Amino acid sequence: MTTPSLVLPFLLLLSASMPASAAAALPPSQAASRASMENAAVVVSRVTPTSVSVVDGALQGEVEGNISSQEAVNLFAYSAVGARMKLSLGRLAPGYFRHPSMVALNDIVVDGSAVFFVSPSEDGSYQPSAPFVMQPQIVLPAPRITAAVGGRGSARIHGTALRGARINVEVAGQRRAIMANGHTGDWSVEFTGLGEGQHEVLARVYDLMGTFPDSTPARATVAAEGDILRPLQVTSPPEGFPIQRTVDVRGVASPGRGNVQVALGGGATVEAPVSATHHGWSARVTSATHGSVPLQVALPGTGEQVVYNVDVAYFGDPVVNRFRQYTTFQPSYTRTLDAEGTVTLSGPDTVVRYLSVEQTWKTLAHVQEDGHWHYVGPVPDDMYLQGEFIEGKGYPQVGRLNVPSLGDHPTDRVTVPLLAGAPRMTSPARVGQTATLSGEDLSGTLRPIKVTLPDGRSFTAPVDDAQRWSIHIEGLPLGRIPVVFAKDVPDQIAHQYAASHEVLDVVEVP
């Protein structure tokens, strides 16, 4: 390729020898204005790449500068072999101009420089002044990485670049070439076989024709997931925890590695699918025996196992998992009971009963085929509720429940504290790192609520007359995080109020 240092003397010599012969070649109308063109000149201040040919990779662009002339002229440049190449579609008026080049920049640039001149002739044969040499190198615009998403041993990189540009993307020693498509120059490429952990991403625009050097790199990082994305873990029930014969076992595990297998106390093995989004799983299992029995959980796809003992209650006693009262002040004062639990599947019981003020047992809820029962409705007007101490803690309202197999005497019962209802979050669970959470509090008191994050930070919010609350939180960690909503009350009475647990999906907000 010819360099500017060799082309320029050739062009200057050519221009110096042109005027005498060129004058005869000019038409009369152009010859008349030759005297006024003797001092014509062009200064090109900038050449801006605008797109790349999808066919051969030629770089297109626009030329910007200033023309000093007495009349409109055509803009030309020399190729590497000295050929005159017309850049303007028509004549350009004197003064500032910004015009797309009619030829590829690759055809007029030699080692980053280009030689321009103006002429009133259509073929550039008459050159009234010395050529202008633009020395600064034309730079390919760098691409932009818009997203870098990691997967299991993989990563997908998304970005934008000059329309039609060719991009080299590198991750962990692997290189992929891709072309920017569409009006917005979007591109996307996937890498596989990556090791677990953080990887640097480099993306550069390169010239398919070899005229221009690569662009400066765009940089990002991406985290590739390992084969075990989430270690197998049981989140409920905890080790040694007293449970009913039938229980819902919950936890997290790596998705895409098959089902989790769960068995309790020698009972049947139940398989649970793993969520691809939050990686959670849940299985309802039944123990064959009572007492201290093993809870066995396995994920064959990864070879992981979790085994520990839980305490299964004697069959026949009803288990109460929830017994709460929600109080509404407006438009009228109402009390709603939310109660839920299980009974043994081996017993004959089909109903759960409450003790009335007449000291008789009345039906509260019917038992489902799987042993679960659930009641949501008004607090029965005749339900016997009285203050009582349970395990050293005082409760202002305590209910008595039983199943027919326990007997019909008022003392054949399970004593359950009636807790004030927990605050509820009604705003969306998908939030940014700065978010406003809101909800309702039907606990029956307008005391403030308290929000506790996994890192130990807590925030309080007042409850208004409409029993609504709202709280603004900054600095939430990314990912799925558990959040506890409770009443902000003294520790001496905190056990009288139920708490709710929510999972926030904290994402980056563009």
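Owing to the predicted nature of the structure, the values given are computational and were not obtained by experimental measurement.
Across Leu87 and Phe76, no two heavy atoms sit closer than the pair CG-C, 4.1 Å. When all heavy atoms of Ala172 and Leu194 are compared, the closest pair comes out as CB-CD2, 3.9 Å. Heavy-atom minimum distance, Pro423 versus Ser500: O-OG, 2.5 Å. The shortest non-hydrogen separation linking Leu476 to Ala435 is CD1-CB, 4.1 Å. Closest heavy-atom contact between Arg156 and Glu190: NH2-OE1, 2.9 Å. The two residues Ala180 and Ala161 make their nearest non-hydrogen contact at CB-CB, 4.0 Å.
Arg480 and His279 share no side-chain donor-acceptor pair at under 3.5 Å. Residues Thr445 and Ser443 bring no donor and acceptor atom of their side chains to less than 3.5 Å of each other. Between the side chains of Asn106 and Asp207, at least one donor-acceptor pair of N or O atoms lies under 3.5 Å.
Annotation: the span from Gln467 atom CD to Phe329 atom CZ amounts to 5.0 Å, rounded to 0.5 Å. Between atom CZ of residue Arg284 and atom CG of residue Leu264 there is a gap of 13.0 Å, rounded to the nearest 0.5 Å. Here the straight-line distance linking atom CD of Glu62 with atom OG1 of Thr48 works out to 5.5 Å at 0.5 Å rounding. Atoms CZ and CD1, from Phe459 and Ile449 in turn, are 11.5 Å apart once rounded to the nearest 0.5 Å. Distance OG1/Thr434 to CD1/Ile473: 10.0 Å, rounded to 0.5 Å. Rounded to the nearest 0.5 angstrom, Asp464 CG and Leu446 CG are separated by 8.0 Å.
A 6.0 Å sphere centred on CZ of Arg175 holds no more than 12 heavy atoms belonging to other residues, nucleotides or ligands. When the shell of 6.0 Å around CZ of Arg144 is examined, it contains 12 or fewer heavy atoms from other residues, nucleotides or ligands. Within a 6.0 Å sphere centred on CG of Asp465, other residues, nucleotides and ligands contribute 12 heavy atoms or fewer.
Put simply, the side chain of Arg98 does not reach to within 4.5 Å of the side chain of Arg46, judged on heavy atoms. Contact of the Ile471 side chain with the Phe485 side chain is not registered, since no non-hydrogen atoms from C-beta on lie closer than 4.5 Å. Residues Arg257 and Val274 have side chains not in contact (no heavy-atom distance under 4.5 Å, counting atoms from C-beta outward). Here the side chains of Leu437 and Leu504 are in contact, with some heavy-atom distance below 4.5 Å. When side chains are defined from C-beta on, Ser427 does not count as touching Thr436, because their heavy atoms never get closer than 4.5 Å. For the pair Thr426 and Arg468, the minimum side-chain heavy-atom distance is below 4.5 Å. Counting heavy atoms from C-beta outward, Val249 and Leu295 have side chains that approach closer than 4.5 Å. When side chains are defined from C-beta on, Leu75 counts as touching Val63, because their heavy atoms get closer than 4.5 Å.
Formation of a donor-acceptor pair under 3.5 Å by the Ser88 side chain with backbone atoms of Gly90 is found in this model. Formation of a donor-acceptor pair under 3.5 Å by the Asn181 side chain with backbone atoms of Trp187 is not found in this model. Between the side chain of Thr146 and the backbone N or O of His158 there is at least one donor-acceptor pair closer than 3.5 Å. Side-chain atoms of Arg176 never come within 3.5 Å of backbone atoms of Val189 as a donor-acceptor pair (strictly under, hydrogens ignored). The main-chain N or O of Ala177 is never found under 3.5 Å from a side-chain atom of Arg166 such that the two would form a donor-acceptor pair. Panel note: side chain Arg84, backbone Ser79; no donor-acceptor pair is recorded below 3.5 Å. Listed for the Gln174 side chain is a donor-acceptor partner under 3.5 Å among the backbone atoms of Thr192. The backbone N or O of Asn259 lies less than 3.5 Å from no partner atom in the side chain of Glu271, so there is not a single donor-acceptor pair. Between the side chain of Trp469 and the backbone N or O of Pro462 there is no donor-acceptor pair closer than 3.5 Å. With hydrogens and angles ignored, the 3.5 Å screen pairs a side-chain donor or acceptor of Thr235 with a backbone N or O of Arg250.
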- [ ] Start with the C-alpha gap between Asp488 and Arg447, add the side-chain angles, then the distance that decides, and say whether side chain to side chain contact (heavy atoms under 4.5 Å, CB included) holds.
- [x] CA-CA 7 Å; Asp488 186 24; Arg447 288 176 180 266; over 6 Å; no
Open item on the list: Please determine whether side chain to side chain contact (heavy atoms under 4.5 Å, CB included) holds for the pair Thr336 and Thr328, giving the CA-CA distance in whole Å, both sets of side-chain angles, and the decisive distance to 0.1 Å.
Closed with: CA-CA 8 Å; Thr336 300; Thr328 303; 5.6 Å; no
Task: Criterion side chain to side chain contact (heavy atoms under 4.5 Å, CB included) on Arg457 and Val451, from CA distance to verdict - done: CA-CA 8 Å; Arg457 290 184 296 159; Val451 181; over 6 Å; no
Task: Verdict with reasoning, Leu299 to Trp281, per side chain to side chain contact (heavy atoms under 4.5 Å, CB included) - done: CA-CA 11 Å; Leu299 182 57; Trp281 55 266; over 6 Å; no
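Residue pairs satisfying the salt bridge (Lys or Arg N to Asp or Glu O under 4.0 Å) criterion with at least one member in residues 422-433, sequence neighbours excluded, are listed as follows: Arg424-Glu440, Arg430-Asp505.
A salt bridge links Lys487 to Asp441: one of the charged nitrogens lies within less than 4.0 Å of a carboxylate oxygen.
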Distance-only donor-acceptor pairs under 3.5 Å for side chains of residues 197-205, two or more places apart:
residue	atom	partner	partner atom	Å
His199	NE2	Gly195	O	2.7
Glu200	OE2	Arg219	NH1	2.8
Arg204	NH1	Glu170	OE2	3.2

